[in-house]
Every structure is written in structure tokens, then in C-alpha cells.
Amino acid sequence: MVATTTTGHRVRVGFGLTILTLVIEVANSVEIFQEWRVAIDPSINPVSVDQPVITINGMFPGPLINSTTNDNVHVNVFNDMEEPLLITWNGIQQRLNSWQDGLSGTNCPIRPGKNWTYVFQTKDQIGSFFYFPSINFQKAGGGFGPIRVNNREVIKVPFLKPEAEFDLLIGDWYRRSFMEVRSMLNTSFWAYNGAPGVMLMNGKGPYQNPRANAHESFTVTQGKTYRFRISNVGTTWSINFRIQNHRMVLVETEGSYTNQITLDSLDVHVGQSYSILVTADQNAADYYVVASPKMYKATDDDRSLVAIGVLHYDNSTTSANGPLPNGPDPFDLDFSVNQAKSIRWNLTAGAARPNPQGTLADQFANGSGVYRLDEFPVNSTSPVAVSGTFVATGTHKGWLEIVFKNDLRVMDCWHLDGFGFYVVGFGDGKWTPELRSTYNLYDPVVRSTTQVYPGGWTAVYTYLDNPGMWNLRSQQLRNWYLGQELYLRVYDADPDPAKERPPPQNLLFCGMIDPPPPPPGSPKPIPVPGSAPTTQILWAHFILAISVGIRGVFQIQQL
């Protein structure tokens, strides 16, 4: 519905069953308002087992946030669960505004029965992203949903407008309750071997799987082109995505328009998002849409860990049939690495570009008693893990090089909040400074999550132009939950609000951080109870070691 206010602004109001979205256009941006009720629903049963699913306004996945560059997004989150909750906005850079990042260590949780309103701007960004609950292993129970950041009308998109767009959230899923899984992660078996048992596509099970209550279907018209925004919202498995008898054109990843390349299949690693264009150029029929796990061999007799949906031509009378479309060997790392190296930034596309531009314990206690700042030298290693909450210093408006090293035999993925980083290189074995000569310094893709291949390394550069306290973590949920993370403190002593916004008026306090005294004549706010905003992180500086011995390595240095 579209209405006009007395001031002449257009207002779009969309009503669902229980969700209200209000969009008010002002000048060159809009104010988007959503109200969410986050709750546990035991009746959804996406894989026909009784388990709690985290829903938003009764939806799984949650509602779309459909925004445009520089819009202001207001999300009033009511926590109707029986445990604390935080929502993070994967890939949204929260420029000047780490107070809205939704991570333990930068925000206090929303207590059960309480609500809190996130307010953030999709500043200087375009692209495909998603949100999810960031604490208590809750992502394995749902609570995730899609985010679109569209180009402003004055900025040309580097491809013709598609007939329609589809949000496609794919991820592995446990057959057990996420609460049960997290309680079992203190055992060696589950920490090393406990793996999900099924793959979901937009919260639905595989097509023609008797254990699935429903499957996902996308309706298209013959001859038309469609944009699929694909996100891997899982916990463990990288995936290879493909559509039977159809090719795809890669156009965007996590806020960067890419050089357009035509692919038969696409690897999407945990936490990553891509946009592809698909033209319905085949005979009218139904075709398989498939996402299969990497580093795991799924057979036709065991399709549990293969997400299967349907591309349905609107005049089709033929069901999808035959064998699933073949993808690359899931253990063929050369295929995956070569594809990753072929994904380059489109330097001629017009889009939002990052431009020069923070949290609780840092603002109110200078970190005292909460975290340990730079207690270790860079580029050092130690075989022994140590326990603590560690923070590394980054220089505001300085460059940082990070080299992630994966000594495991499984895929890992790393994400940095607050920034996009330039993925400049991949390699095998040990990283040495001489390998910088192999970096792509001309058109490396800019993104917020990068994969690190088994036995290999990945190098990224990032420009620290966004002050605040930012989380650097493994996107493998089990590794993250067990401690593979730290925080990067990008600090500027100048309190100029043009560099960083002050804390919001509705800021939650918890742990040892007491609310500041109110202004004269104001009533004293009531502090929100909760645990200290710290995380037990098992670290030997930049050698990550979680409690059961899984190890990965990265190096970091100022440039």
C-alpha cells in the first residue's frame, strides 16, 4: 500500500500476519521501521523431528530487510525466548556506530521478556547480506533472515534489471535441539565430530525427501532473467550451488559488484553471500536447484545433506526428474581455489564505496578489568593455548594485513565486523613474506567473509577507517562458540562525532559496567541485569586453539 502524508512524503506500509514494516522517504534516504517478536516455535519441524526453532514474527527464516544505500533501519526486537538474545547484521559495516553491531563484547544482550531497538544506517554499501542471533549457539536454531541493500536510483546497476529477485538462505541443520548441541560441545566427540545431519533451503527440507515437511520452489517465466541472492547461513558446511540445465552469471558478493563470469556451479562458504543472474532459457519444465556440501561425499541414496529445491516454469507440466545435476568433486580444492581467484572486483561499476569515517567497556571503563589489550607481540606463535579476552589495537585510518592459516583438514571461514577486506591471496602450506609477490593488488574482491582452505592460507588487507570495537571470528559456529575469535580496537583519541557516534540513549548496561549518572533533573535509569560483556577466548597470540585442540593460525600486522 502506498499513501501520501500531509508533508508530501510517500509512505509504504506493508502488513503481514504479525509484522509491521513502515518506510518513510525523506530526502535521499528513508527511515525503515520493523517490529520483531523473537520466539521459540516447537511446531515447525523442518526435518520432521520435534525441536525448537527460533522464529521472528512466527517466520522461519525471518523477514526481509529491504533497504537502499544510506537508509536508516530501526528494528525493535522483543525477546520472547527464555534466554538472552543479540542479533548481528552479517556484513553491514555499522559505520561510525559499532554500538549496533549486536555482538557479545560490544553490546549487552536483550534479556528475556525485554526489548531493544537497533538503529543503524546502511551507509556507503550495496549488496546481499543476512542477520542472525550471535550468542548462545542460537544461530543453529534459526533466527536468521535476508538483508538487501539496493543501489540509489542515481547509481547505475551494472546489469539489466531482472524480472524479479529471490532471497535464498541455505544452511546445514542439526536434527537435535540447538540447546542440546551446545551443551554437548564440551565433549571431545561433539567438538571434533558432531556434524549437522541435513541441509535446509529457506528453512525447508530437500525436495522429495520423506523426512521434509516442505520444499522450496521458485516460479519463473520462460525467457526472463532473475536475480538470486544466495547466503550460506549454516554452521559447518561450505556448499556448491547449481541449477539443473541452467548456467549462472555471478554479479555481486557481499557488497562488491564483481566482474561478470558465467558458471555452472558456485562455491559458497559459511557466512558468505553472492548474487547470480539466471535466465529461464530452457524448455518449460521443473528443474532441480541443488546445494551440496563441500568436503563430504553425498550419494543419490543419501540425499540428507543435499539441499534440493525446484525452479518451476510457470507453464510447466513436468516435475523435476532424473539424477541431480553434477557438481565438482567436493574434495577438489583446486576447483574451489581457482574459482575463488577468478572472482574479481568490477572496478568500472558505479556503487557505494567505503569512505573514511566504536564500545561498552572501552567507552566507560577504558577496558580495565574486562579485556587485555596488546599483551602479546604480533607475528608470534605458541603451541599452548591460554585463556582470556584479548583485544588487538588497530590504527585509525591505517592499513592492516591479516594472514589466516588453516592447519586443519576441514574448511574454515573468517569474518571481520565493521569493514570489508580485500582478499588479495590464497596459497598452500606455510605463508612467508616472500609470498606477497603473488598477491592480487589490482582488483581483489572486497568482502567481509573469506574462506581458508585446509592446509592453506588466505591473505587480506583492510583499511581501518571505522572506529570502534570490532569482532574478528571464525564463521564455523562450533569453532566460534568454543573460542576462535578476538576483538580489533580501532581507536581515535579525538571524540569528534564525525568519526564515531556517541552511545545511543537506549544503550543497555550489564556486568561490571554501570550506567553513567543521568543529566541533572533526569530520573536515574534502571540498569539491565545480565552477565559481563566478556567472552572466554582460548588464545596463544594469533594461534587459535579451542578447548578440545582444534587449531588454526593467522598473523596480523600494521602496514
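When reading the values below, keep in mind they use all heavy atoms of this one structure, side chains included, and skip hydrogens, waters and symmetry mates.
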Backbone of [Y] reached by a side-chain donor or acceptor of [X] within 3.5 Å:
X      : Y      : result
Ser67  : Arg148 : yes
Glu485 : Trp480 : no
Asn202 : Asp167 : yes
Gln121 : Asn72  : no
Asn90  : Tyr131 : no
Asn107 : Trp99  : yes
Asn466 : Leu96  : yes
Ser134 : Gly102 : yes
Asn232 : Gly271 : no
Asn57  : Glu35  : yes

Sequence neighbours left out, what passes side-chain hydrogen bond (donor to acceptor under 3.5 Å, both in side chains) with [X]? Give chain and number order.
X      : answer
Asn506 : none
Glu254 : Arg447, Ser448
Ser183 : none
Gln272 : Gln451

Would a 4.5 Å heavy-atom cut-off, applied to side chains only, mark [X] and [Y] as touching?
X      : Y      : result
Trp89  : Val73  : no
Gln476 : Val410 : no
Asp412 : Phe404 : no
Val149 : Ile92  : yes
Leu464 : Leu488 : yes
Leu169 : Phe144 : yes
Phe178 : Asn136 : no
Phe241 : Leu168 : yes

Working for side-chain contact (heavy atoms from CB on, under 4.5 Å), residues Trp116 and Leu85: CA-CA 10 Å; Trp116 196 72; Leu85 170 71; over 6 Å; no
Distance flag, aromatic centroids of Trp190 and Tyr481, threshold under 6.0 Å: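 Not close enough - the centres of the two rings lie 6.0 Å or further apart.
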For Asp172, all residues meeting salt bridge (charged side-chain N to carboxylate O under 4.0 Å, His left out), sequence neighbours excluded: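 Residues passing salt bridge (charged side-chain N to carboxylate O under 4.0 Å, His left out) with Asp172: none at all.
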Under 3.5 Å side-chain donor-acceptor pair for Asn66 and Asn150: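 The answer is yes; a qualifying pair exists.
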Side-chain donor-acceptor contact under 3.5 Å, Asp417 with His415: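 Yes, because at least one side-chain N or O of Asp417 sits under 3.5 Å from a partner of the opposite role on His415.
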Aromatic ring pairing Trp470/Phe419, orientation class (parallel under 30°, perpendicular over 60°, tilted between):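 Answer is perpendicular, since the angle exceeds 60°.
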Sequence-distant partners of Pro206, side chain to side chain contact (heavy atoms under 4.5 Å, CB included), two or more places apart: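 If we apply the side chain to side chain contact (heavy atoms under 4.5 Å, CB included) test to Pro206, skipping adjacent residues, the hits are Val198, Asn209, Ala212, Ile308.
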Interatomic spacing from [atom1] in [X] to [atom2] in [Y] - rounded to 0.5 Å:
X      : Y      : atom1 : atom2 : result
Glu180 : Arg175 : CD    : CZ    : 14.0 Å
Gln138 : Phe132 : CD    : CZ    : 11.0 Å
Ser177 : Gln51  : OG    : CD    : 7.5 Å
His269 : Trp237 : NE2   : CH2   : 14.0 Å
Ser256 : Ile126 : OG    : CD1   : 7.0 Å
Trp36  : Asn115 : CH2   : CG    : 14.0 Å

Asp50 atom CG, over 12 foreign heavy atoms within 6.0 Å: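 Check fails, neighbour count at 12 or below.
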